[in-house]
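First the proteins, then the strands, lettered A, B, ... as listed; each starts at 1. Just so it is clear, the structure is predicted and the values come from calculations on it, not from any experiment.
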Protein chains: 2
Amino acid sequence: MTADTLTPAARRILDTASELFYHRGIGAVGVDLIAAEAGVTKKTIYDRFGSKERLIVAYLRERDARWRAVVERHLAAAPGHREAVIAVFDALEEWTRSDGERGCALVNAAAELSAPAHPVRALAVEEKQWLLGRFTALREAAGAPDPEGDAVELLLLHEGAAVMHGVGEVHAAIDRARLAARRLVEQG
Amino acid sequence: MTADTLTPAARRILDTASELFYHRGIGAVGVDLIAAEAGVTKKTIYDRFGSKERLIVAYLRERDARWRAVVERHLAAAPGHREAVIAVFDALEEWTRSDGERGCALVNAAAELSAPAHPVRALAVEEKQWLLGRFTALREAAGAPDPEGDAVELLLLHEGAAVMHGVGEVHAAIDRARLAARRLVEQG
DNA sequence: CTGGAAGTATACCGACCTGTATAGCTAGGG
DNA sequence: CCCTAGCTATACAGGTCGGTATACTTCCAG
């Protein structure tokens, strides 16, 4: 990871861009705005990141890494394979509470940048399959008869909860997803 | 509904805009492109729709109406309240097969246009709560002990399936969602 | 037969976009 | 002591954006 080798200005740029991209959308945020908010010159942005697209990728990469770290922490604290599945939904709750009411950044970015060859699509696919793999392994370890089927279902509940949390006005989406997940692991 | 009172050119504009907005994203499609693809002058677009934003709203409204009609058709054909729940997922499968691989247009639009006061957010919320209400009524009619809880869970599966179908690379997401829904209604 | 509605064609506006160029400042290490 | 990395400041290029203005045509209904 190159995250720690960032210069101070680059750090500020990435933090500012993350905030703005996530809450206002990628297309709605220009490079000039990022520069102004970060207290930095546009030249510095282009010196450090090369282009807006690469800044977007850096933003999504870092955010994804932070999200995965939250999940891993919750997984490590779970006493067993069944509890670990539930812990992923605890991680989602913590994540959305601290970080935002706008759903999954990767999904949103993929919605904006629709070109099939765009790098953010690959990032999104990779993250979803990482989580899918996590769920599959946990259900395998728990001796479930259909680990992959369970994993897809858990992923659907997870993504559904993230989306509905993003559009809002549907109460306790994450709670309900966790409840369904608990029922799945307890009587599977 | 004002859909049938559209002039021929307006009809072409709305059809073209729907195609482009859905597959490329709203921000990625300019008014000039819509005009060119529809074989129409920009002036005609502004004469008929007033602004890009109102064209976007018209696009989402009409698409939503078509989607709801598909759902209603599947619901009407279902022999009972439990089968009707499953039928919604059949509707989703038919809908995505005929109309696109890019998930829910309302969710995507809400992801792009993040301003909380933007009209598309209200549209998205309204549609999700319509579907939620449908599910709730069906579970109530089936005598389920927790109709609203069931409805939220079904909505999560539905939205999750739509999203994962959009990012792709997760096989049989809709099939799995329907399977989970069937299990929910058969042993609730 | 005439007037208005629905178009086309073309040109333009100001704002904003990503990205580049030029010049100068500062601090730390060989 | 000077060179380079990292930065600031400012200006600008080239393009696209949503939206408007003007002038002409076509066609149908009162």
Side-chain angles (χ1 to χ4, degrees), chain A residues 2-60 108-109 111-115 117-120, chain B residues 2-60 108-109 111-115 117-120:
Chain A
T2 56
D4 16 336
T5 70
L6 288 183
T7 64
R11 182 72 266 155
R12 246 154 53 224
I13 291 165
L14 192 46
D15 289 342
T16 306
S18 294
E19 265 279 317
L20 293 171
F21 282 155
Y22 182 66
H23 290 103
R24 302 195 197 177
I26 290 173
V29 172
V31 179
D32 296 88
L33 177 61
I34 296 169
E37 293 277 309
V40 144
T41 314
K42 255 203 302 185
K43 179 165 190 306
T44 304
I45 294 182
Y46 281 92
D47 282 351
R48 298 297 138 236
F49 295 95
S51 70
K52 185 185 180 181
E53 180 169 304
R54 275 195 253 164
L55 178 58
I56 293 166
V57 170
Y59 145 63
L60 291 171
N108 290 349
E112 281 199 63
L113 308 165
S114 61
H118 200 287
V120 313
Chain B
T2 57
D4 14 336
T5 70
L6 287 183
T7 63
R11 182 71 266 156
R12 246 156 51 225
I13 291 165
L14 192 46
D15 288 344
T16 306
S18 293
E19 265 280 316
L20 292 171
F21 283 155
Y22 182 66
H23 290 103
R24 303 195 197 178
I26 290 172
V29 173
V31 179
D32 297 87
L33 177 61
I34 296 170
E37 293 278 310
V40 143
T41 312
K42 257 206 298 186
K43 180 167 189 307
T44 304
I45 293 182
Y46 281 91
D47 282 350
R48 298 297 138 240
F49 294 94
S51 70
K52 186 185 179 182
E53 180 170 301
R54 276 196 253 165
L55 178 58
I56 293 166
V57 169
Y59 145 63
L60 292 172
N108 289 348
E112 281 198 64
L113 307 165
S114 61
H118 200 287
V120 311

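N108(B) and A111(A) make their closest contact through OD1-CB, 3.5 Å (heavy atoms, listed as atom of the first residue, atom of the second, distance). When every heavy atom of I26(A) is checked against every heavy atom of E112(A), the shortest pair comes out as N-OE2, 2.9 Å. Across all their heavy atoms, I45(A) and L55(A) have their closest contact at CG2-CD2, 4.4 Å. For the pair T41(A) and A35(A), the tightest heavy-atom approach, listed with the atom from each and the gap, is C-CB, 4.2 Å. Contact detail for R12(A) and G39(A): the closest heavy-atom pair is NH2-O, 3.1 Å. The two residues K52(B) and V29(B) make their nearest non-hydrogen contact at NZ-O, 2.9 Å.
In this entry the distance linking CD1 of I34(A) with C1' of dT18(C) reads 11 Å, nearest Å. Nucleotide dT18(C) holds its C1' atom 14 Å from the CZ atom of R54(A), rounded to whole Å. Rounded to whole Å, atom C1' of dA23(C) lies 14 Å from atom CG of D47(A). The nearest whole Å value for the distance from the CD1 atom in I45(A) to the P atom in dA9(D) is 14 Å. Rounded to whole angstrom, the span from the CG atom of L6(A) across to the P atom of dA5(D) amounts to 17 Å.
The shortest distance between side-chain heavy atoms of R24(B) and L33(B) falls below 4.5 Å.
Between R48(A) and the phosphate of dA5(D), there is no side-chain N or O to OP1/OP2 separation shorter than 4.0 Å. For T7(B), no side-chain nitrogen or oxygen approaches OP1 or OP2 of dA5(C) to under 4.0 Å. In terms of phosphate contacts, T44(A) brings no side-chain nitrogen or oxygen within less than 4.0 Å of OP1 or OP2 of dG6(D).
The one candidate from F21(A), F49(A), Y22(A) that meets the ring pair (Phe, Tyr, Trp, His ring centres under 6.0 Å) condition with Y59(A) is F21(A).
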Any protein N or O atoms within reach of nucleotides 17-23 of chain D? Criterion: under 3.5 Å, listing atom names and distances.
from, atom 1, to, atom 2, distance (Å)
dG18(D), OP1, K52(B), NZ, 2.6
dG18(D), OP2, V31(B), N, 2.8
dG19(D), OP2, Y46(B), OH, 2.9
dG19(D), OP2, K52(B), N, 2.8
dG19(D), N7, K42(B), NZ, 2.8
dG19(D), O6, K42(B), NZ, 2.1

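Between the CD1 atom of I34(A) and the NZ atom of K42(A) there is a distance of 11.0 Å, given to the nearest 0.5 Å.
Stem analysis of DNA chain C (at least three stacked-register Watson-Crick or G-U pairs, each with both distances under 3.5 Å) gives C:1-30 with D:1-30.
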